[in-house]
Visitor: 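Right, I'll just put the structure down here and ask away after.
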Amino acid sequence: MNKIDAKAFAASEFLSQPIKMHVGGKEVAASNGQTFDTLDPGTGKVLAKVPSAGATDVDAAVDAARQAFNKTAWRSMPAKDRAVLLHRLADLIDQHTPLLAEIESKDVGKPRAQASAFDIPHAAQTFRYYADLSVHTRHREPFAVSGNDAWSVRQPHGVCGFVFPWNFPFLLIGWGVAPALAAGNTIVIKPAEDTPLSALLFARLAEQAGFPAGVVNVITGLGETAGAALSSHPGINRMSFTGSPEVGRLVAEACGRNLVPVKLELGGKGAAVLFDDVAVDSVAEALAGAVTLNAGQVCCTATRWIVHKKVAEAFISKAASTMGAMKIGYGGDEATQIGPVVSEKQRRRVLGYVERSVKEGAEAYLPGGVAEVSGYKDGFYVKPALLGGAASNVCAREEVFGPVAYVMTFQDEEEAIALVNSSPYGLANSVWSSDLSRATRVAERLVAGNSWINAHNLFPHGVSYGGVNLSGCGGGVLGPDTLEDYYRKQSVVRPL
Ligand code: NAD
């Protein structure tokens, strides 16, 4: 196993070696020798050739995870001993932040400064949070019953499968796998084909932290082959999928056939409701920042801006000027605020939505379009767009997943609530008002997994984050309940 030395190991060195998957503690190519390309979205050029796993490779990874579950001390070691390893992993993540942030920035296109200030440390913190929570979780709990000595015992499920999307590859690994590992499960990860690299570094770091071989396995491959093979595998005990509702349905169907419990974290069409008592300029700046974060490729971000008629004109003017002034550029450039979107396919999707929206009658306060970035002519850059108009417009209803906001106006509270709740999605919304009792009242009536007040995109460890309706089911992430999801509870009874 390659040991990573933080000083000697650079992104260029990682990328210059053949990229391998991580199965049973070994670095392996796909059994059929096939590879696919992962691109740098900022240059449009190939970043690395990555193994393209098929069903045989997925079998090997699930088998390695099963062997590690059955034959190593991982599942049965005291929670405090596993927590030591999880803390060591978190420390290694921190120590390798420059490497991880550079790889994440090159693979996703996101500003490197954002990856190193947020994505990577947030993931490290997720491991610490679940490590500590698992230590304070009671392994055995008595039932208060008469005539019997009875208790319940928390056991890990076994092998857990994870399929992830491309927008926050490393951060989402933390959200997904940290509770599963803390509970004593073993895992198989299938990262998105657009962004497979940081998952491979994660597996190496886990092993360097002292996790037994086979506890963490990573297979890289296409969704319809490797992803489908993992989610329909009869050898997994639990499945977690993060991605689009369309693929989520396929994964849930496959798990349903095997009676494997599945957790789905899906897309969103988040709203921000702005009352007329806010400081308009600062809210406009905050929402401009939210919708351009990660080039708008954020499942829960505010893309529907529902603004009180009295302040709409001033708000739109400030938001459009703020978004229009943002620096679009390569993720590795310090000044960059908006990097490229992840692929040419994603760029076509974003541009197509803006075009359809305008054709359907939306007003374009900021028209969006292709962005030219000097020195990076083949990168997948788009300009932010600010549109507005009727609630029936395609950009008011569907997830664009790009730096595109859509403004609608309202006169009274009920109208605003109805507009937010007209969406089939239910991930996250925010309410902005200086009247906290009104903000609380409205926040609690918005149908979604998360409501935020006077802020958008809040992810504190210890607060559950999940979606309802088209945005997900089967639980969420980041909260104490997610650790519970990764234990099976077994009752034991002895007549007295
Ligand atoms: P996607 O659904 O296209 O792909 C997600 C993953 O599924 C990828 O790894 C892909 O390879 C895999 N996949 C594709 N076909 C598959 C199949 N038939 N069987 C099994 N796996 C398959 O999503 P995406 O385009 O990568 O990500 C964007 C979506 O993810 C958006 O809808 C976004 O809102 C959502 N998302 C949700 C959250 C959340 O926490 N709720 C977080 C991030 C992203």
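Order of listing sets the numbers, starting from 1, for every ligand and every atom in it. Everything numeric here is computed off the predicted structure, so don't read it as measured data.
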Visitor: Starting from atom 27 (O) of ligand 1, what is the nearest protein heavy atom, named by residue and atom, and what distance separates them?
Guide: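 Ranked first by proximity to atom 27 (O) of ligand 1 is P165 CB, 3.3 Å.
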Visitor: Check if L172 has a non-hydrogen atom at a distance under 4.0 Å from any atom of ligand 1.
Guide: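 Within the 4.0 Å threshold, so yes.
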Visitor: In terms of atom number and element, which parts of ligand 1 are under 4.0 angstrom from non-hydrogen atoms of V251?
Guide: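 Under 4.0 Å from V251, ligand 1 has these atoms: 20 (C).
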Visitor: Please identify which atoms of ligand 1 are closer than 4.0 Å to at least one heavy atom of Y465.
Guide: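 Those qualifying, in numeric order: 40 (O).
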Visitor: Using 4.0 Å as the upper bound for N to carboxylate O, is an ion pair formed by K49 and D37?
Guide: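 Salt bridge between D37 and K49, a charged N being under 4.0 Å from a carboxylate O: yes.
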Visitor: Indicate yes or no for a side-chain donor-acceptor contact from R397 to the backbone of S392 under 3.5 Å, with no hydrogens or angles considered.
Guide: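 Flag set: sc R397 to bb S392 pair under 3.5 Å.
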Visitor: Is at least one protein non-hydrogen atom found at under 4.0 angstrom from atom 15 (N) of ligand 1?
Guide: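 Under 4.0 Å from atom 15 (N) of ligand 1, at least one protein heavy atom found.
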Visitor: Find all atoms of ligand 1 within a distance of less than 4.0 Å from any non-hydrogen atom belonging to E399, and give their numbers and elements.
Guide: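 Every atom of ligand 1 under 4.0 Å from some heavy atom of E399: 31 (C), 32 (O), 33 (C), 34 (O).
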Visitor: Do you know which of M21, K20, H22 makes side chain to side chain contact (heavy atoms under 4.5 Å, CB included) with V28?
Guide: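 When side chain to side chain contact (heavy atoms under 4.5 Å, CB included) is applied between V28 and each of M21, K20, H22, only M21 qualifies.
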Visitor: Indicate the atoms forming the closest heavy-atom contact of Q125 with H461, along with that distance.
Guide: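 Where Q125 meets H461 most closely, the heavy atoms are CB-CE1, 3.5 Å.
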Visitor: Consider only side-chain N and O atoms of N185 and R488, and report whether a donor and an acceptor are under 3.5 Å apart.
Guide: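 There is no such pair (donor and acceptor under 3.5 Å, judged by atom type) between the side chains of N185 and R488.
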Visitor: Does L427 reach ligand 1 with a nitrogen or oxygen that is under 3.5 Å from one of the ligand's nitrogen or oxygen atoms?
Guide: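 By distance alone, the answer is no.
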Visitor: Mark up the atoms of ligand 1 that fall under 4.0 Å of a heavy atom belonging to F401, in ascending order.
Guide: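 Listed by number with element: 28 (C), 31 (C), 33 (C), 34 (O).
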Visitor: What atoms of ligand 1 come closer than 4.0 angstrom to any heavy atom of F164?
Guide: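 The list of qualifying atoms is 6 (C), 8 (C), 9 (O).
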